[in-house]
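The structure under discussion appears below in the form of structure tokens.
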2 protein chains.
Amino acid sequence: MSRPEAITPAKVRDAAPLFAALGDATRLGLLVSLCSGGPVSVTRLSATFEVSRQAITKHLEVLAEAGLVRSSRQGRERIWTFEPRRLDDAHHYLERLSRQWDDALGRLKAFVER
Amino acid sequence: MSRPEAITPAKVRDAAPLFAALGDATRLGLLVSLCSGGPVSVTRLSATFEVSRQAITKHLEVLAEAGLVRSSRQGRERIWTFEPRRLDDAHHYLERLSRQWDDALGRLKAFVER
DNA sequence: CAAAACCGCAACCAAAGGGTTGCACCATTC
DNA sequence: GAATGGTGCAACCCTTTGGTTGCGGTTTTG
């Protein structure tokens with residue numbers, strides 16, 4: 001049967017930078033903060049971490065590039081907000097991978113028991 | 001109420017290298033191949049990709065380090081197999097993040113409507 | 001046993017990543 | 001209007017990463 005949810009090379013190229021953005025402890029920590037704490041400014045965020053404010057800014061921009069975070073100016077501050085949609089994308093991608101594996105196992109089993 | 005599924009810094013440090021391993025198009029492609037095609041040798045795998053066999057080996061070792069893949073010698077070949085468990089870990093991690101966000105939204109809503 | 005196939009190891013290279021410091025620039029506040 | 005607080009930008013640094021080439025070693029195969 002056809003497999004409409006197959007993982008195309010295009011999807012691979014789309015998902016890779018998303019996972020890459022998640023692949024850093026500091027950035028994951030930032031996401032956790034933004035998830036549970038709500039919108040905050042950079043200096044407030046960087047107070048929790050052990051690296052400089054400028055480093056945190058760079059990380060936030062990487063997250064923004066991946067679509068995991070959004071920023072908006074508010075007076076002299078720049079407020080950063082979590083963006084849940086892209087996280088769902090990553091979620092779905094992993095699910096497709098798992099399903100592909102299960103399908104392969106199923107085919108293997110059917111072949112062996114034949 | 002207490003929150004036993006909270007994302008601790010330890011979990012962040014554990015999850016980061018896992019996502020980092022997923023954060024490369026070539027490695028994702030390798031995972032897709034191993035998921036759908038079953039156990040294969042390096043040279044067979046590298047035939048599909050545009051980089052050298054040695055580069056593919058490096059990628060596979062990164063995936064193995066992250067626990068996403070396993071290898072076993074078999075005669076003169078080294079056979080690589082997909083390992084689904086760590087993929088579930090990543091899956092669960094993303095789910096915890098989503099839930100944390102939903103909880104925060106719920107608290108915000110309760111606060112606003114108070 | 002000689003040739004071919006499969007792999008491991010090492011050296012090397014260019015580019016990207018994560019981090020820092022220093023300074024200039026608005027917006028607030030006193 | 002002067003000081004302060006929050007950012008932005010640029011230069012610079014070291015390490016990691018993704019990739020290559022070259023070569024030697026070990027199973028298969030003819």
Side-chain angles (χ1 to χ4, degrees), chain A residues 9 12-34 37-82, chain B residues 9 12-34 37-82:
Chain A
V12 166
R13 281 191 300 275
D14 177 62
L18 180 52
F19 286 121
L22 294 171
D24 178 277
T26 305
R27 283 197 290 270
L28 273 186
L30 286 171
L31 276 189
V32 171
S33 294
L34 289 178
V40 221
S41 71
V42 191
T43 26
R44 240 174 179 288
L45 264 179
S46 59
T48 320
F49 294 83
E50 285 174 342
V51 293
S52 69
R53 169 184 61 86
Q54 286 87 337
I56 296 292
T57 299
K58 284 190 185 180
H59 280 302
L60 286 171
E61 277 164 358
V62 171
L63 288 173
E65 188 79 16
L68 289 164
V69 123
R70 193 166 37 86
S71 80
S72 62
R73 300 233 43 163
Q74 201 163 311
R76 71 179 159 184
E77 292 184 336
R78 188 168 164 194
I79 302 298
W80 293 86
T81 319
F82 177 63
Chain B
V12 166
R13 281 192 300 275
D14 177 61
L18 179 52
F19 286 121
L22 294 171
D24 179 275
T26 305
R27 283 198 290 271
L28 273 186
L30 286 170
L31 276 189
V32 171
S33 294
L34 289 177
V40 220
S41 71
V42 192
T43 26
R44 237 172 182 288
L45 264 180
S46 59
T48 320
F49 295 83
E50 286 174 342
V51 293
S52 69
R53 170 184 60 87
Q54 287 88 337
I56 297 291
T57 300
K58 285 189 183 180
H59 280 303
L60 286 171
E61 277 165 357
V62 171
L63 289 173
E65 187 79 17
L68 289 164
V69 124
R70 193 167 37 85
S71 79
S72 64
R73 300 236 37 164
Q74 201 163 308
R76 73 179 159 183
E77 292 185 336
R78 188 168 165 196
I79 303 298
W80 294 85
T81 319
F82 176 64

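Here the structure is a predicted model, which is why all the values come from computation and not from measurement. Here is how names work: the chains are called A, B, and so on, in the same order as the sequence lines, proteins then strands, and each is numbered from 1.
In terms of position on DNA chain C, the residue among A:A55 and B:S41 whose nearest nucleotide sits closer to the 5' end is B:S41. Residue whose closest nucleotide on DNA chain C sits further toward the 5' end, between A:T26 and A:R53: A:T26.
In this structure, B:R78 CZ and B:T57 OG1 are separated by 7.5 Å, a value rounded to the nearest 0.5 Å. Distance OG/B:S72 to CD/B:E77: 10.5 Å, rounded to 0.5 Å. Taking CG of B:L63 as the start and CG of B:L34 as the end, the distance is 8.0 Å to the nearest 0.5 Å. Atom-to-atom distance recorded for A:I56:CD1 and A:L30:CG is 4.5 Å, nearest 0.5 angstrom. Note: B:R53 CZ to B:L60 CG = 11.5 Å, rounded to the nearest 0.5 Å.
Across the protein-nucleic acid pair, A:D24 atom CG and D:dT16 atom C1' stand 12 Å apart, rounded to whole Å. If you measure from atom CD of A:Q74 to atom C1' of D:dG5, you get 16 Å, rounded to the nearest angstrom. Across the protein-nucleic acid pair, B:L28 atom CG and D:dG18 atom P stand 12 Å apart, rounded to whole Å. To the nearest angstrom, P of D:dT17 lies 13 Å from CG of B:L63. Atom-to-atom, CD1 of A:I56 to C1' of D:dC9 comes out at 18 Å; the value is rounded to the nearest Å. In this structure, A:K58 atom NZ and D:dA10 atom P are separated by 12 Å, rounded to whole Å.
No side-chain heavy atom of B:L68 sits less than 4.5 Å from a side-chain heavy atom of B:V62.
B:R76 contributes no side-chain N or O that forms a donor-acceptor pair with the base of D:dG25 under 3.5 Å. If you check distances only, the side chain of B:Q54 does reach the base of D:dG22 with a donor-acceptor pair under 3.5 Å.
Within the 4.0 angstrom heavy-atom criterion, base atoms lie near A:S52. Using a 4.0 Å heavy-atom cutoff across all strands shown, A:T43 reaches sugar-phosphate atoms only and no base atom. Within the 4.0 angstrom heavy-atom criterion, only backbone atoms of the sugar-phosphate kind lie near A:V42; the bases stay farther away.
Side chain of B:R27, nearest nucleotide from D:dT21, D:dG6, D:dG18: D:dG18.
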Using residues 15-29 of chain A as the side-chain source, report each donor-acceptor pair under 3.5 Å to any protein atom, sequence neighbours left out, with the distance given to one decimal.
| unit_1 | atom_1 | unit_2 | atom_2 | d |
| --- | --- | --- | --- | --- |
| A:D24 | OD1 | A:T26 | N | 2.9 |
| A:D24 | OD1 | A:R27 | N | 3.1 |
| A:R27 | NE | A:A21 | O | 2.8 |
| A:R27 | NH1 | A:H59 | ND1 | 3.1 |
| A:R27 | NH2 | A:A20 | O | 3.4 |

ask   = Are B:L45 and B:S33 close enough, and set up right, to give a side-chain contact (heavy atoms from CB on, under 4.5 Å), and what steps lead you there?
value = CA-CA 8 Å; B:L45 264 180; B:S33 294; 3.8 Å; yes
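Think of the region where chain A sits on DNA chain C: with heavy atoms and a 4.0 Å cut, that region ends 5' and 3' at C:dG18 to C:dT28.
Rounded to 10°, the helix from C:dC1-D:dG30 to C:dC30-D:dG1 has 20° between the axis fitted to its first five pairs and the one fitted to its last five.
Other residues, nucleotides and ligands contribute at most 12 non-hydrogen atoms within 6.0 Å of the CD atom of A:E65.
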